[in-house]
Amino acid sequence: MSSSIQSVSDIPPLIATSVVRGSEQGQSHGGVFIIDPASQAVSQVIDWDTADIDWSGRGWDRGLRGIAFHNGEVYIAASDELFVYDQQFRVQRSFRNAYLKHCHEICVYDGKLYLTSTGYDSILAFDLTAQEFVWGLHAAKVDGTWQAHRFDPKTKNGPPARNQLHINFVDCSAAGLSFSGLRTRGIIVLAPSSSLQTQVELPEGTHNACLTDDGVIFNDTAANYLRYVKRNGDEQRFLYPTYDEEALEFAGVDDSRVARQGFGRGLCIINDRLVAAGSSPSTVSVYDLASGQIVLSVNFSMDIRTAIHGLQVWPYAVPDTA
């Protein structure tokens, strides 16, 4: 790994979204935050508070999710709606689709935005020029065999609403389209033949599984670790930061049904040495894979219900929130 870090000022600004996994009507449901590692300052640029929310389940519809960038704009997914913001976080437009439900992560590649539709075990493609949903891929595993079904998200011929795989991460590049989730037990790739194949096996209960040049890095959420596993078998494990119980807010709801400390989700690779990952209560940490150390950890809420969701390097000027 060639990159070096002299101080936290070498770490670029980060953008994070959060969900509040036990909030009630009338309360904030999370938001969007810009983190300046040099000063360790956190600016909340969006406070997500809307009456149009499904109140069933844990985090479900509450809060904002995946983050992506295109042509100077910021794309952020809610559970069932895609929002487009300018760099000052003023809403420019938004889009819904009948097959977008419980969206988690999103990514941009070659003129399209790809979104996980966790509630439909699907990946949706949004054309960034036409500004419309144009393609869908439904995944299923039947008797141990992966099956793929393409569908048109503009019609009523799509898949039924299910959440058997809990797809929470998608990546698209010149190497192809892949996804992973809590119950996929691996990174699943769409082959040129349009079939699905397991590319890398993973444990159940993962978020944000990213391939690297020499392995895979992912939030092993079920085991409370950020894990970096190399192809040669070497592995690094990083525990997420946790705090004294007395310092936590809403600690009475700290259980598996609603929220818990050390719930790891949200990940971005900064360079070939540094990785940022999120955990609850709202904490973003930067890990140095070369030294095996946490080089920065910023907490911006001790509310145990708050969980980081999306996490990316912020590519634009830090907005003025004064």
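Excluded from the calculations below are hydrogen atoms, water molecules and symmetry mates; all remaining heavy atoms, backbone and side chain alike, are included. Just so it is clear, the structure is predicted and the values come from calculations on it, not from any experiment.
Ring centers of F33 and W314: at least 6.0 Å apart, outside the cut-off. A ring-centre distance under 6.0 Å is found for Y99 and F151. Taking the six-membered ring where the residue is Trp, the centroids of H166 and H104 are separated by under 6.0 Å. Aromatic pair Y114/F126: centroids not less than 6.0 angstrom apart.
One hydrophobic cluster, built from ILVMFWY side chains closer than 4.5 Å, cannot hold both L211 and F169; they sit in different ones. L239 is not connected to Y287 by any chain of hydrophobic side-chain contacts under 4.5 Å among Ile, Leu, Val, Met, Phe, Trp and Tyr, and they are in different clusters.
Look at D220 and R227 and you find a salt bridge, because one of the NZ, NE, NH1 or NH2 atoms lies within 4.0 Å of a carboxylate O, short of that distance. For K101 and E81, the salt-bridge test fails: no basic side-chain N is under 4.0 Å from an acidic carboxylate O.
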Could you check E204 against R183 for salt bridge (charged side-chain N to carboxylate O under 4.0 Å, His left out), going step by step and ending with a plain yes or no? CA-CA 5 Å; E204 188 165 319; R183 293 185 288 272; 5.7 Å; no
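Inter-residue side-chain proximity for Y75 and L115 is flagged as unmet; no heavy-atom pair is nearer than 4.5 Å. Side-chain contact between L289 and L274: absent, with no pair of heavy atoms (C-beta onward) separated by less than 4.5 Å. Two residues are said to be in side-chain contact when any heavy atoms from C-beta on lie closer than 4.5 Å; R93 and E73 meet this criterion.
Every residue was checked against the ring-ring contact (aromatic ring centres under 6.0 Å, His included) condition with F218, not counting sequence neighbours, and none meets it.
Minimum interatomic distance between F83 and S94 (heavy atoms only, all atoms of both residues): CD2-CB, 3.7 Å.
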